[in-house]
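In what follows, every chain begins at residue 1, and chains take the letters A, B, ... in the order their sequences are listed. Computed over heavy atoms, backbone and side chain alike; hydrogens, waters and symmetry mates excluded.
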Number of protein chains: 2
Amino acid sequence: MTVGREVHLASRPAGRAGADNFAVVEVPVPEPGPGQLLVRNVVMSVDPYMRGRMNDVKSYVPPFRVGAVLDGGAVGEVVATGAGTRRQRGELVLHGLGWREYAVVDDASARPVDPELAPPSAYLGALGMPGLTAYAGLVDVAGLKPGETVFVSGAAGAVGSLAGQIAKLRGAARVVGSAGSAAKVQRLYELGFDAAFDYHDGPVRESLAAAAPDGIDVYFDNVGADHLEAALSALRVHGRVAMCGAIAQYDTDEPPAAPRNLASAIGKRLTLRGFLVSDHDHLRDEFVAEVGGWLRGGELRYDETVVDGLENAPAAFLGLLRGDNLGKMLVRL
Amino acid sequence: MTVGREVHLASRPAGRAGADNFAVVEVPVPEPGPGQLLVRNVVMSVDPYMRGRMNDVKSYVPPFRVGAVLDGGAVGEVVATGAGTRRQRGELVLHGLGWREYAVVDDASARPVDPELAPPSAYLGALGMPGLTAYAGLVDVAGLKPGETVFVSGAAGAVGSLAGQIAKLRGAARVVGSAGSAAKVQRLYELGFDAAFDYHDGPVRESLAAAAPDGIDVYFDNVGADHLEAALSALRVHGRVAMCGAIAQYDTDEPPAAPRNLASAIGKRLTLRGFLVSDHDHLRDEFVAEVGGWLRGGELRYDETVVDGLENAPAAFLGLLRGDNLGKMLVRL
């Protein structure tokens with residue numbers, strides 16, 4: 001009997017998540033039934049939204065269960081198939097059963113991955129959920145128009161670095177990014193951001209005002225808290241906020257800081273809109289065509305921070321919450 | 001030389017506004033020039049937004065100037081005309097130069113008032129700016145759909161009481177209102193609200209959860225602060241907030257309370273949109289036809305709280321900020 005490893009939620013965090021909230025467990029690898037694939041994962045994603053699923057709260061996805069395996073995006077190789085599957089042994093597929101070495105995946109829900117088009121990891125990043133998130137947030141949610149000024153927080157992360165570049169490629173006149181280190185800020189300039197700042201260097205409101213002295217039209221929010229407050233202050237009349245994430249408040253049980261200037265949205269006629277990528281699947285073909293083209297042409301670049309080994313997946317995830325990553329945080333199995 | 005009285009801003013408030021921030025001043029009544037009307041005001045409006053104009057802050061309307069006359073909506077009778085005016089002596093007009101007994105109004109900007117259709121005061125309320133605000137907030141901003149549940153705060157006020165009734169008339173399945181006294185709550189039931197509560201009776205979040213146990217789809221916000229936080233908690237997936245006002249924080253220099261659960265807008269895909277009625281003038285004909293019809297048919301009712309005498313206009317305004325009014329607060333001159 002083949003044995004594989006998987007990562008379980010050992011306990012729910014009280015405040016900050018830590019290594020003791022996870023357990024690596026050996027389990028037998030089952031046989032795939034009819035319409036199922038046995039997949040050996042080769043790369044898996046850790047994402048900020050997973051922190052919310054560690055808490056026992058009702059949300060748009062059910063919480064992880066204590067004592068059970070976690071899940072999330074992964075790409076793997078089909079190593080065995082049940083009866084009647086479309087996918088064949090040896091093919092790569094994208095699916096939602098990460099955090100484990102072997103997964104039994106429904107053939108119907110497995111998406112094909114073409115390694116000739118892009119490396120498998122890109123299907124978890126620029127060509128995958130983070131890429132579509134950035135694209136949908138700018139196009140569908142914020143309604144970005146050419147000539148506008150855009151501010152992206154968490155701009156060195158998987159979604160943020162794509163959002164800033166896509167904004168430029170779709171005609172934004174000026175794109176400003178915030179990040180958590182001098183090295184990340186330098187990388188944002190290399191990626192074509194017009195201005196960037198380290199949010200540790202002073203109040204976000206002042207840094208943003210210096211970077212966008214004439215204000216902003218669109219704020220792509222990955223951070224929340226003081227970043228959102230600063231953006232509300234900088235937004236011009238009829239400005240829009242695409243509320244994508246609030247990583248500043250994920251890994252804490254402190255009462256979240258709130259934008260004290262939210263009422264300024266009235267006089268400035270601002271629109272704040274929360275969104276999930278799952279509502280924007282109708283954009284997928286357009287996204288793959290446009291973003292895929294930019295990737296092949298070298299106009300859009302992405303960074304990856306790769307950690308090796310399933311046993312290091314919890315550390316990769318905790319590092320992501322601390323901002324250790326540049327671009328997409330991945331675990332190679 | 002005829003003498004008239006007008007109300008000046010004597011000083012800017014430090015914290016709460018008080019009677020000493022106003023001064024009633026006698027001034028000579030000028031002659032109307034070419035294209036101008038001399039208007040004797042018969043009724044004037046006091047509105048919450050005027051509190052913001054008493055502060056020296058940049059906003060969508062310039063601040064009032066210390067030592068100068070205030071302004072705002074009023075209806076008056078034309079008592080003299082300059083050369084070449086459309087309006088004639090004896091006609092009633094709606095204009096923006098309230099807070100004074102006599103106003104010299106540009107003929108081009110004066111709107112005709114037909115007292116056969118509705119009493120002059122209605123042009124400052126249900127058929128005027130508050131009515132169009134309620135209508136635009138529901139129709140344009142919140143995109144109210146039949147069958148939805150709507151929560152209106154400040155629901156016994158000029159805008160709120162219309163918003164709640166218009167929501168019902170446009171097919172809302174359930175309309176909940178909050179107000180500041182038991183008498184106001186009773187009045188909301190008389191006006192057809194399905195549920196209403198006094199926000200003094202307990203945490204707004206709990207009162208709202210009891211009044212709308214299945215949640216809400218639309219929140220028409222006149223209050224901000226804890227009302228907005230409670231509404232964010234009650235809003236269902238794809239809910240919308242029409243941000244119309246934030247009276248809870250107008251008359252104070254305390255840092256405004258902020259909704260600590262704003263990030264819940266992400267998972268619930270909420271839209272919060274601030275608006276000013278001035279952006280929605282394209283709705284005016286539709287508004288006058290639809291709301292005018294409901295008024296004539298007795299399906300839509302409105303309340304007025306009337307104070308007599310220009311010298312009492314500051315007290316009327318301060319009372320409005322305290323919530324002394326039921327429906328539209330007006331000063332009869």
Side-chain angles (χ1 to χ4, degrees), chain A residues 48-49 52-53 57-62 133 136-137 140-142 221-229 232-233 235 237-250 252 254-280, chain B residues 48-49 52-53 57-62 133 136-137 140-142 221-229 232-233 235 237-250 252 254-280:
Chain A
Y49 79 88
R53 297 188 65 191
V57 289
K58 203 179 99 177
S59 184
Y60 57 95
V61 275
T133 300
D140 258 11
V141 181
D221 189 15
N222 295 305
V223 173
D226 56 343
H227 274 80
L228 179 51
E229 183 165 303
L232 288 170
S233 173
L235 276 159
V237 165
H238 293 131
R240 288 91 64 202
V241 179
M243 297 176 67
C244 178
I247 199 167
Q249 68 187 63
Y250 288 164
T252 174
E254 302 273 308
R260 288 160 296 179
N261 56 352
L262 182 57
S264 67
I266 302 170
K268 294 201 284 189
R269 293 90 105 192
L270 306 180
T271 299
L272 293 83
R273 186 174 286 163
F275 75 104
L276 297 179
V277 65
S278 50
D279 283 344
H280 301 269
Chain B
Y49 79 87
R53 298 187 65 191
V57 289
K58 202 179 99 177
S59 184
Y60 57 94
V61 277
T133 300
D140 258 10
V141 180
D221 189 16
N222 294 307
V223 174
D226 56 342
H227 274 80
L228 180 51
E229 183 165 304
L232 288 170
S233 172
L235 277 159
V237 165
H238 293 131
R240 290 89 65 203
V241 179
M243 297 177 67
C244 179
I247 199 167
Q249 68 187 62
Y250 287 164
T252 173
E254 302 273 308
R260 288 160 296 179
N261 55 353
L262 183 56
S264 67
I266 302 169
K268 294 202 283 189
R269 293 90 105 192
L270 307 181
T271 298
L272 294 83
R273 185 173 287 164
F275 75 104
L276 297 178
V277 65
S278 50
D279 282 345
H280 300 270

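For B:Leu270, the part sitting under 4.5 Å from any heavy atom of chain A is the backbone (N, CA, C, O) and nothing else. With a 4.5 angstrom heavy-atom cutoff, B:Glu229 does not touch chain A via any of its atoms.
In terms of heavy-atom pairs under 4.5 angstrom with chain A, the leader among B:Val241, B:Leu262, B:Asp221 is B:Leu262.
Note that the CG atom of A:Asn261 and the CD atom of B:Gln249 stand 9.5 Å from one another [nearest 0.5 Å].
Counting only N and O atoms by type, the side chains of A:Thr271 and B:Arg273 include a donor and acceptor under 3.5 Å apart.
No side-chain heavy atom of A:Ile247 sits under 4.5 Å from any side-chain heavy atom of A:Asn222.
For A:Arg269, the salt bridge (charged side-chain N to carboxylate O under 4.0 Å, His left out) test picks out B:Asp279, with sequence neighbours left out.
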